[in-house]
Chemist: 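Quick one: the structure is below, and I'll ask about it shortly.
Bear in mind that the values here come from a model prediction, so they are computed numbers and not experimental data. Index from 1, following the sequence.
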Amino acid sequence: MNVKVKPLRQHDLVNLVEFYAASGIDCALDDAPHDRFADFENERAARRAAVTDASAPLSLNKPAGAPSLTARGTPAAPKNAPNFIKPAPSTAQGDGASNEDARMRAQAAGTLEDLKAALTAFEGCSLKRTAKNLVFGVGNPDARVMFVGEAPGREEDLTGVPFVGRSGDLLNLMLAAIGLERDRDTYIANVVPWRPPGNRTPTPEETELCRPFILRQIELVQPDLVVPLGGAAAKQLLNTTNGILRLRGRSMTCATDKGAFPALATLHPAYLLRQPGQKRLAWQDLLKIKEHLSAGP
């Protein structure tokens with residue numbers, strides 16, 4: 001029976017795109033549509049065939065079409081079997097060569113402009129290929145306080161500026177509450193300068209690749225106080241595994257190759273938007289930041 005498919009009208013396409021955006025799907029990772037369900041079924045069939053062949057009695061003569069054996073005696077995947085369940089590890093992120101390249105590029109940067117250029121030329125992190133913009137630090141490079149988040153979101157990716165949108169508006173209000181003006185009194189950056197697809201959490205490999213760049217950025221700004229925003233940034237900059245509710249408000253240290261900087265972590269503005277009852281804790285942290293800055297350099 002032939003089924004006639006009704007063509008989509010323009011407003012149907014608009015509604016579909018809006019649904020994708022609301023679901024966090026706002027970038028295409030392939031040039032053409034890819035049937036992942038078919039990949040999965042083919043992979044499962046290949047695995048079942050491999051298990052069946054492995055349990056059969058061994059023969060000195062390999063039957064025609066049977067899968068070849070690897071060095072450990074396990075069936076090798078058929079040539080045409082898709083690699084869907086266990087993708088091959090990427091050499092573009094997380095390997096020693098890329099990590100060393102990132103460290104050398106970061107340390108070679110003598111100014112913030114040099115560091116931005118080094119990040120622009122760096123090809124070791126796969127996030128660069130899906131992000132629209134590099135989101136570098138903004139603000140006063142001579143500021144006494146530096147705020148550091150985890151990674152850009154959708155608005156930041158579109159504008160190339162960290163902490164815009166609702167989170168940025170709340171951060172601006174938090175700064176104003178203790179007498180700080182964003183562009184004049186602060187410098188703001190992220191541990192990871194490229195947005196992960198769909199706002200997912202950066203992987204440990206991606207974060208480790210970007211770590212030398214944010215540490216060098218801190219060294220170049222030379223702030224009197226580093227303020228990690230949220231648990232992910234705090235763990236990376238303070239070298240700890242404790243959660244943000246244990247770390248916040250405590251005087252700690254952000255260690256870099258060129259020295260150590262006083263640090264005080266607080267809650268991320270995006271978290272405060274979801275949990276407004278925790279703003280009292282953030283206010284306590286803001287008062288400590290104000291007290292630290294009032295004490296002088």
Chemist: Working to the nearest 0.5 angstrom, can you tell me the gap between Cys254 SG and Gln236 CD?
Modeler: 10.5 Å
Chemist: Between the side chain of Asp157 and the main-chain N/O of Ala131, is any donor-acceptor distance below 3.5 Å?
Modeler: no
Chemist: Are any side-chain N or O atoms of Thr130 and backbone N or O atoms of Leu127, one a donor and one an acceptor, separated by less than 3.5 Å?
Modeler: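 Between the backbone of Leu127 and the side chain of Thr130 there is a qualifying donor-acceptor contact (under 3.5 Å).
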Chemist: Test your reading of the model: is there a side-chain donor-acceptor pair from Ser294 to the backbone of Lys290, 3.5 Å cut-off?
Modeler: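 Yes, because the side chain of Ser294 sits within donor-acceptor range (under 3.5 Å) of the backbone of Lys290.
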Chemist: Under the 3.5 angstrom rule, does the side chain of His292 hit a backbone N or O of Leu287 as a donor-acceptor pair?
Modeler: no
Chemist: With distance as the sole criterion, is a donor-acceptor pair present between the side chains of Ser98 and Asp101 under 3.5 Å?
Modeler: no
Chemist: What distance do Leu115 atom CG and Gln107 atom CD have between them, rounded to the nearest 0.5 Å?
Modeler: 9.5 Å
Chemist: Are Leu209 and Arg211 packed together at the side-chain level, in the sense that at least one heavy-atom pair is separated by less than 4.5 angstrom?
Modeler: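 When only atoms from C-beta onward are counted, Arg211 and Leu209 do not touch, as no gap falls below 4.5 Å.
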Chemist: Test side chain to side chain contact (heavy atoms under 4.5 Å, CB included) on Phe261 and Ile218 and set out the steps.
Modeler: CA-CA 9 Å; Phe261 296 84; Ile218 292 172; 3.8 Å; yes
Chemist: Does any part of the side chain of Lys116, heavy atoms only, come nearer than 4.5 Å to the side chain of Leu134, both counted from C-beta?
Modeler: yes
Chemist: Under the criterion side chain to side chain contact (heavy atoms under 4.5 Å, CB included), I'd like the reasoning laid out for Leu264 against Arg250: C-alpha separation, chi angles, the key distance, then a yes or no.
Modeler: CA-CA 6 Å; Leu264 191 150; Arg250 295 170 52 191; over 6 Å; no
Chemist: Heavy atoms only: give me the nearest Ala151-Pro202 pair and the separation to one decimal.
Modeler: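 Nearest heavy atoms, Ala151 then Pro202: CB-CG, 3.9 Å.
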Chemist: In the structure I gave you, are the side-chain heavy atoms of Lys258 and Arg216 within less than 4.5 Å of one another anywhere?
Modeler: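 Yes, side chains in contact.
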Chemist: I'd like to know if the side chain of Thr159 reaches the main chain of Val161, judged simply by a donor and an acceptor atom lying under 3.5 Å from each other, with no hydrogens or angles considered.
Modeler: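 Between the backbone of Val161 and the side chain of Thr159 there is a qualifying donor-acceptor contact (under 3.5 Å).
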Chemist: Any side-chain heavy atom of Leu170 sitting closer than 4.5 Å to one from Leu273?
Modeler: yes
Chemist: Show, in sequence, the C-alpha distance, side-chain angles and deciding distance for Leu229 and Tyr271, and conclude whether the side chain to side chain contact (heavy atoms under 4.5 Å, CB included) test is met.
Modeler: CA-CA 10 Å; Leu229 294 169; Tyr271 172 79; over 6 Å; no
Chemist: Is Glu206 reaching over with its side chain to a backbone N or O of Thr203, donor-acceptor style, under 3.5 angstrom?
Modeler: yes
Chemist: Mind listing the closest non-hydrogen atom pair of Asp224 and Pro262 along with its distance?
Modeler: O-CG, 3.5 Å
Chemist: So among Asn242, Asp285, Thr266, which one has a side-chain hydrogen bond (donor to acceptor under 3.5 Å, both in side chains) with Arg248?
Modeler: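 The side-chain hydrogen bond (donor to acceptor under 3.5 Å, both in side chains) with Arg248 is passed solely by Asp285 among Asn242, Asp285, Thr266.
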Chemist: Can you tell me how the ring of Phe122 sits relative to the ring of Trp194, calling it parallel under 30°, perpendicular over 60° and tilted otherwise?
Modeler: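 Parallel.
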Chemist: Is the closest side-chain donor-acceptor distance between Asn199 and Arg195 under 3.5 Å?
Modeler: yes
Chemist: State, to 0.1 Å, how close Ala143 and Tyr187 come at their nearest heavy-atom pair, and which atoms those are.
Modeler: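 Looks like CB-N, 3.8 Å.
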Chemist: Grab the two heavy atoms, one from Leu220 and one from Ala109, that are nearest each other, plus how far apart they are.
Modeler: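 Minimum heavy-atom contact is CD2-O, 4.2 Å.
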Chemist: Assess whether side chain to side chain contact (heavy atoms under 4.5 Å, CB included) is satisfied between Leu267 and Leu245, documenting all intermediate values.
Modeler: CA-CA 8 Å; Leu267 304 174; Leu245 293 179; 4.0 Å; yes
Chemist: Quick one: do Phe136 and Val148 end up in the same hydrophobic cluster if we chain Ile, Leu, Val, Met, Phe, Trp and Tyr together by side-chain heavy atoms under 4.5 Å apart?
Modeler: yes
Chemist: Drop me the distance from Ile214's CD1 to Thr207's OG1, to the nearest 0.5 angstrom.
Modeler: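 Answer rounded to 0.5 Å: 12.0 Å.
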Chemist: Are Arg182 and Val138 packed together at the side-chain level, in the sense that at least one heavy-atom pair is separated by less than 4.5 angstrom?
Modeler: yes
Chemist: Looking at Val164, is its backbone amide N or carbonyl O close enough to the side chain of Glu156 to form a donor-acceptor pair, meaning the two atoms are under 3.5 Å apart?
Modeler: yes
Chemist: At their closest point, which heavy atom of Pro162 faces which heavy atom of Val135, and how far apart are they?
Modeler: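 Where Pro162 meets Val135 most closely, the heavy atoms are N-CG1, 3.4 Å.
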Chemist: For the side chain of Asn190 and the backbone of Val192, is there at least one donor-acceptor N/O pair under 3.5 Å apart?
Modeler: no
Chemist: What are the two closest heavy atoms between Ala234 and Leu247, and how far apart are they?
Modeler: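 Where Ala234 meets Leu247 most closely, the heavy atoms are CB-CD1, 3.8 Å.
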Chemist: If we only count heavy atoms from C-beta on, is the Leu180 to Val145 side-chain gap below 4.5 Å?
Modeler: yes
Chemist: For Glu291, is there an ion pair with Lys288 - N to carboxylate O distance below 4.0 angstrom?
Modeler: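 No, Lys288 and Glu291 are not salt-bridged.
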Chemist: Is it the case that the ring center of Phe163 lies less than 6.0 angstrom away from the ring center of His268?
Modeler: yes
Chemist: State, yes or no, whether a side-chain contact exists between Leu119 and Arg105 at a heavy-atom distance under 4.5 Å.
Modeler: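 Contact flag for Leu119/Arg105 side chains = no.
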Chemist: Please check: side-chain N/O of Arg144 versus main-chain N/O of Leu293, any donor-acceptor pairing under 3.5 Å?
Modeler: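 Looks like yes, one N/O pair under 3.5 Å.
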Chemist: Less than 4.5 Å apart, any side-chain heavy atom of Trp283 and any of Met174?
Modeler: no
Chemist: Are any side-chain N or O atoms of Gln284 and backbone N or O atoms of Leu281, one a donor and one an acceptor, separated by less than 3.5 Å?
Modeler: no
Chemist: Quick one: pull up CG in Leu171 and CG in Leu175 and give me the separation to the nearest 0.5 Å.
Modeler: 4.5 Å
Chemist: Look up atom CD1 in Ile289 and atom CD1 in Ile178, then write down how far apart they are to the nearest 0.5 Å.
Modeler: 5.5 Å
Chemist: Under a single-linkage definition using a 4.5 Å side-chain heavy-atom cutoff for Ile, Leu, Val, Met, Phe, Trp and Tyr, are Leu272 and Val227 assigned to the same hydrophobic cluster?
Modeler: yes
Chemist: Side-chain heavy atoms under 4.5 angstrom apart, residues restricted to Ile, Leu, Val, Met, Phe, Trp, Tyr: same cluster for Leu225 and Val191?
Modeler: no
